[in-house]
Amino acid sequence: MRRIGIFGGTFDPVHNGHMGLAEDAVAQAGLDEVIMIPAKIQPFKQEKKTESGEDRFQMLALVASQNDYITVSRDELDNEGVSYSYLTLRRMQEKNPDAQLYFICGSDSFLKVDTWMNADEILENYSFIVGGDRPGYRHNELEAAIKRIQDRFNTEIIVINNRQFDVSSTEIRDRLAQGKSIEGLVPAPVERYIIQHGLYRL
């Protein structure tokens, strides 16, 4: 059975932390593929302005083209309304009926999984790969959440020791707005795309 990671997010822009988590999920959890899915409208960021879905998709496509295990999907961009994870997972399972799907997220996101729309459906039917945010960061809280969820739903949850990058999309956007360099914070093709298209300028 193929093991496919589903990695959703705003990716505004995609940065080295995102790519490190995707690549380490392949290496440490034995995935055959990671599908990165830029959100049209994230549930918890509905008021937030982002660059266009097309620009965010194209930046992901540039980095995916350099990696044999990573692909990009327009699934959420091509569907109307808020990008709820349970709907995305349903559609991705329909497209990959013989695969085991693993939802990839950081520990901060995983600790809020109970607040997600139709969380029970997600936890009953899909697996998780959780990346640690920082060594020891909220470790006890994460362990307790995993035990509680596994006791109730028997969810397969794999915690990986992913590489840590001191970078966030917010910091990158702020640096660009101030005319500062983002070299080393995003993959080189993404940096070139941002500069060529004048993204994130005030």
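Heavy-atom basis, side chains included; hydrogens, waters and symmetry copies ignored. We count residues from 1, following the sequence as given.
- Considering every non-hydrogen atom in both Val186 and Val14, the closest pair reads CG1-O, 3.6 Å.
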Run the numbers on Arg163 and Glu23 for salt bridge (Lys or Arg N to Asp or Glu O under 4.0 Å), then give the verdict.
-> CA-CA 9 Å; Arg163 287 165 286 168; Glu23 291 165 1; 2.9 Å; yes
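- Nearest heavy-atom pair, Ala22 versus Ile70, reported as atom, atom and distance to 0.1 Å: CB-CD1, 3.9 Å.
- The side-chain heavy atoms of Arg90 and Glu121, taken from C-beta on, include a pair separated by under 4.5 Å.
- Under the 4.5 Å side-chain criterion, counting only non-hydrogen atoms from C-beta, Leu89 is not in contact with Asn125.
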Could you walk me through whether Ile160 and Leu21 pass the side chain to side chain contact (heavy atoms under 4.5 Å, CB included) test, one step at a time?
-> CA-CA 9 Å; Ile160 64 171; Leu21 179 54; 3.8 Å; yes
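- Of all the heavy atoms in Ser107 and Val130, the pair that sits closest is CA-CG1, 3.6 Å.
- Connection of Leu123 to Met117 is established within a shared hydrophobic cluster, with ILVMFWY side chains joined at heavy-atom distances below 4.5 Å, either directly or through further cluster members.
- Judged as a side-chain hydrogen bond (donor to acceptor under 3.5 Å, both in side chains), the pairs with a partner in residues 184-194 (not counting sequence neighbours) are, in order, Asp55-Tyr193.
- Across all their heavy atoms, Phe11 and Ile37 have their closest contact at CE1-O, 3.8 Å.
- Aromatic ring centres of His15 and Phe165 lie farther apart than the 6.0 Å criterion allows.
- When every heavy atom of Leu31 is checked against every heavy atom of Val34, the shortest pair comes out as CD1-CG2, 3.8 Å.
- Side-chain contact between Pro13 and Ile172 is present, with at least one heavy-atom pair separated by less than 4.5 Å.
- A donor-acceptor pair under 3.5 Å is absent between the side-chain atoms of Glu33 and the main chain of Tyr69, judged by distance alone.
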Derivation and outcome, salt bridge (Lys or Arg N to Asp or Glu O under 4.0 Å), residues Asp78 and Arg91 = CA-CA 12 Å; Asp78 290 344; Arg91 292 190 297 264; over 6 Å; no
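- The environment of NZ in Lys95 is crowded: more than 12 heavy-atom neighbours from other residues, nucleotides or ligands sit within 6.0 Å.
- For the pair Ile149/Phe128, no side-chain contact is recorded, criterion being any heavy-atom separation below 4.5 Å from C-beta on.
- Minimum heavy-atom separation, Ile35 to Met92: CD1-CE, 3.6 Å.
- Counting heavy atoms from C-beta on, the side chains of Pro38 and Leu77 come closer than 4.5 Å.
- For CG of Asp166, the number of neighbouring non-hydrogen atoms (other residues, nucleotides, ligands) closer than 6.0 Å is 12 at most.
- Counting heavy atoms from C-beta outward, Lys180 and Glu171 have side chains that stay 4.5 Å or more apart.
- Without hydrogens or angle criteria, Gln28 side chain to Asn161 main chain gives a donor-acceptor distance under 3.5 Å.
- Taking 4.0 Å as the cut-off between side-chain N and carboxylate O, Lys112 and Asp108 do not count as a salt-bridged pair.
- If you run side-chain contact (heavy atoms from CB on, under 4.5 Å) between Trp116 and each of Asp120, Asn118, Val113, only Val113 comes through.
- The closest side-chain heavy-atom distance from Phe57 to Glu76 is not below 4.5 Å.
- One side chain, Tyr102 or Glu156, offers a donor N or O that lies under 3.5 Å from an acceptor on the other.
- Tested against Glu51, the residues Leu199, Thr10, Ile194 include a single side-chain contact (heavy atoms from CB on, under 4.5 Å) partner, Leu199.
- Between Arg152 and Glu124 no salt bridge is recorded (no basic side-chain N to carboxylate O distance below 4.0 Å).
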